[in-house]
There are 2 protein chains.
Amino acid sequence: MATIKDVARKAGVSTATVSAVMNDTAFVSPELRARVVTAIRELRYEPSLAARNLRRNRSQLIALAVADLSNPFYARIVWSAEAAVAAWGYSLVLFNSDEKPDTERRILSRIRTLGCDGMVLVPVGAANQYQPHEFDGIATVLLGRSIEGNSADTVTIDNREAGRQAADYLLDLGHRRIGSITGPMQLSTSKGRLDGMIDAMAARGLAPQPGHIRSGEFREEAAYSVARDMMGSPDRPTAIYVANGVMAIGVMRAVADLGLRCPQDISIASTDTVAGAGGLKPRLTRTEHPIADMTNEALRLLVDRIEERVSEPVRSIVFQPALIVGESCMPLRENAG
Amino acid sequence: MATIKDVARKAGVSTATVSAVMNDTAFVSPELRARVVTAIRELRYEPSLAARNLRRNRSQLIALAVADLSNPFYARIVWSAEAAVAAWGYSLVLFNSDEKPDTERRILSRIRTLGCDGMVLVPVGAANQYQPHEFDGIATVLLGRSIEGNSADTVTIDNREAGRQAADYLLDLGHRRIGSITGPMQLSTSKGRLDGMIDAMAARGLAPQPGHIRSGEFREEAAYSVARDMMGSPDRPTAIYVANGVMAIGVMRAVADLGLRCPQDISIASTDTVAGAGGLKPRLTRTEHPIADMTNEALRLLVDRIEERVSEPVRSIVFQPALIVGESCMPLRENAG
DNA sequence: CCCTGATAGCTAATCGTTTCGCTGAAGTCT
DNA sequence: AGACTTCAGCGAAACGATTAGCTATCAGGG
């Protein structure tokens, strides 16, 4: 592995000159430049990032820590993030906290040791689980979920509005007994979506039955068992709002396994679709997030911070959901059968 | 950000001692050790990987370069790889070559500059596009696809067997006019799967019609248009073998858009299912790969190399596919309608 | 009591860059 | 012609760790 010294020796110049050529950081006469370039090519010199970073105190690394890599929603974020990170000239270090606060803690420490220039974090813990020092010294953008009281930039969606839109749609179809299967209540996403749904019902003088509101892990299996339980009872809801795409798959599976039909027997709406579910039948009625836009925006904010073109102290960007009507919901009156 | 010197000063010892404590690399008396540990805790010292790596010439980084991050198949690999990499004490740097050899070339160079200790590569180019020097000095495992003549360890599936299994299944159902939509022919995966299918047909004295064999990019859109074209013609095949899961979705969409029904009008089988397609209706008949096992195995081989517990010169592990019967195929005689 | 051997812990060199400050040749002005 | 600028290019000091090699201390044997 050739070093800058080898190049300098071969080209008959100092290492400073080689560095100047590499980084275009000072004028170098055409002759010298040519000699250096030749030497670089012949020796196949590639600068050592370790050395450069030690000196510059930069790493060219951006960390992305997502909550659950098995969830296509996050897989989609990873995809967008990789592209954005590369476009900004960084490399992506990927972590999966698997919805476990302890794992997340280890990840944060690892990100620090790696000297990542910045990180995009989908936080998994409750607000009070974070120590302020876990964030200082490293540019941070929170994605999708926020941490109350934290001073990092955030990019989120309007969860409350998402819940409201989905519930309004179901209400417009005439449903009155609407249930919800949502994620862990300490997460801003779960809580916001549920609150939005309750808002929408309250606006029409309604409230969900207590037994029709259930929360659990953001996973297919969790949703499956909760749904089986809720749907098995005689006073089951006529429509259900599921807080995320993976859970919606679980719910549909539960419905099918109980011998119920969707949408004839039960209407299902959700928030956050799962990639590749284009083939899911019936197609889910859901509110969608502009995942790629959100991710790009998160990285723009992050790079802004890293490169210190900082404007305001804390920036929060909220994306609005859009309702996509599929085939998983029907008007109530036709539910008689 | 505290450095080792700060810790040494605070604990009243030399940096060498701090280093010894950190790495447990020499005996340190209990008293000193205690002082050092306290100082480390109080200063919240975390060693700089950049400095350590410069010195040790290691980076604790493993690169994963996949061919197409938008493909759930690779998303699944990413998921498994992140877990395996973390379990071995490394961090994962993720790249997406997007099936573009040029991008892949840039990635290889980047991996080199980053000083990654090793890489897992899903190669996208033809064998002759690789220069030997792009691989030397960095431990490499090729995953899923191989490069002829390359001396890296490989973990692949038996593509030929996968094609054979799928085709045999269709043949057993009585199909004779079987077509195939496959990926780029310079890739070992595409070629192997097609060869397997041809093998199976040849074993029964059959051969596919030339117009029934089409290749294109490993993407949904590509498959969609090729399928529309092939299915539109009057002598269309009665069954079709699609070389990958994402393409299968495109084919199913094309079939539906042409007003054809699957499996009544056409049987579809594929290799490599897409995660989350559990909800796809009808469920795809396909050969599946043990993705997690393959990925784990790839990382085991890689870490072996990195940590120089090398056994044989080159190791190749081939996984066998398994046929999973869904609902997307029917016996030929019932195709009359 | 001195010499030896063992060893805890220190000093300083080193990894491969970047970058500050310097040198000295060439150019400009009076 | 002398003094002053300019600036291409160089030398060497960082950056923060690891580690080879050394020093000093101490115990034990002769």
Side-chain angles (χ1 to χ4, degrees), chain A residues 1-40 43-61 89 109-110 112-117 137-138, chain B residues 1-40 43-61 109-117 137-138:
Chain A
M1 202 42 71
T3 76
I4 199 173
K5 282 188 197 150
D6 301 324
V7 176
R9 197 174 322 117
K10 178 147 194 163
V13 301
S14 76
T15 62
T17 304
V18 178
S19 177
V21 170
M22 286 296 298
N23 304 295
D24 221 0
T25 177
F27 182 86
V28 176
S29 69
E31 311 91 297
L32 278 203
R33 171 176 297 272
R35 293 213 318 261
V36 170
V37 167
T38 312
I40 288 174
L43 294 172
R44 282 208 199 93
Y45 166 69
E46 316 214 18
S48 146
L49 266 203
R52 166 178 292 176
N53 294 337
L54 173 58
R55 183 59 226 238
R56 288 202 184 149
N57 203 23
R58 296 272 310 271
S59 68
Q60 312 256 65
L61 256 29
S109 148
R110 180 80 187 176
R112 180 164 293 264
T113 356
L114 278 171
C116 293
D117 294 338
I138 170 160
Chain B
M1 204 41 71
T3 76
I4 199 173
K5 281 188 199 151
D6 301 324
V7 176
R9 198 174 323 118
K10 178 146 194 165
V13 300
S14 78
T15 62
T17 304
V18 178
S19 177
V21 170
M22 286 297 298
N23 303 295
D24 222 1
T25 176
F27 182 85
V28 176
S29 69
E31 309 92 296
L32 278 204
R33 171 176 296 270
R35 294 218 310 268
V36 170
V37 168
T38 312
I40 288 175
L43 294 173
R44 283 208 199 92
Y45 167 68
E46 315 214 19
S48 146
L49 266 203
R52 165 178 292 174
N53 294 336
L54 174 59
R55 183 58 225 243
R56 288 203 181 149
N57 204 24
R58 295 273 309 272
S59 68
Q60 313 254 65
L61 257 27
S109 149
R110 180 81 188 179
I111 288 174
R112 178 164 295 261
T113 349
L114 278 171
C116 292
D117 294 338
I138 170 161

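Predicted, not measured: the structure shown is a model, and the values here were computed from it. A note on names: the letters A, B, ... follow the listed sequences, proteins ahead of strands, and every chain is numbered from 1.
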Nearest whole angstrom, please: distance from the [atom2] of [N] to the [atom1] of [X].
X     : N      : atom1 : atom2 : answer
B:Y45 : D:dA17 : OH    : C1'   : 7 Å
A:N57 : C:dT19 : CG    : C1'   : 15 Å
B:R56 : D:dA20 : CZ    : P     : 12 Å
B:N53 : C:dT17 : CG    : C1'   : 14 Å
A:K5  : C:dT14 : NZ    : P     : 9 Å
A:R58 : C:dT19 : CZ    : P     : 11 Å

(message) Which heavy atom of B:R110 sits nearest to which heavy atom of A:G89, and what is that distance?
(response) NH2-O, 3.7 Å

Side-chain N,O ([X]) to OP1/OP2 ([N]) below 4.0 Å:
X     : N      : value
B:S19 : D:dT18 : yes
A:S48 : C:dT17 : no
A:T15 : D:dC10 : no

(request) Classify the side chain of B:R55 and the base of D:dT18 as holding, or not holding, a donor-acceptor pair under 3.5 Å. (result) yes

(message) Is it the case that the base of C:dT17 and the side chain of A:R52 share a donor-acceptor contact (distance under 3.5 Å, atom types as modelled)?
(response) no

So if I take every side-chain heavy atom of [X] and compare against [options], which nucleotide ends up nearest?
X     : options                : result
B:N23 : D:dG9, D:dT18, D:dG16  : D:dT18
A:S14 : D:dA17, C:dT19, D:dG11 : D:dG11
B:A51 : D:dG16, C:dG9, D:dG9   : D:dG16
A:F27 : D:dA12, D:dG9, D:dA8   : D:dA8
B:A16 : C:dT17, D:dA17, C:dC10 : C:dC10

Using a cut-off of 4.0 Å on non-hydrogen atoms, how would the nucleic acid contact of [X] be classed: base, sugar-phosphate, or nothing?
X     : result
A:L32 : sugar-phosphate
A:T3  : sugar-phosphate
B:V13 : sugar-phosphate

(request) Test A:V13 against every option in A:V28, A:V18, A:V21 by the side chain to side chain contact (heavy atoms under 4.5 Å, CB included) rule and name the one that passes. (result) A:V18

(request) Return yes if a side-chain donor-acceptor contact under 3.5 Å exists between B:S59 and B:N53, otherwise no. (result) no

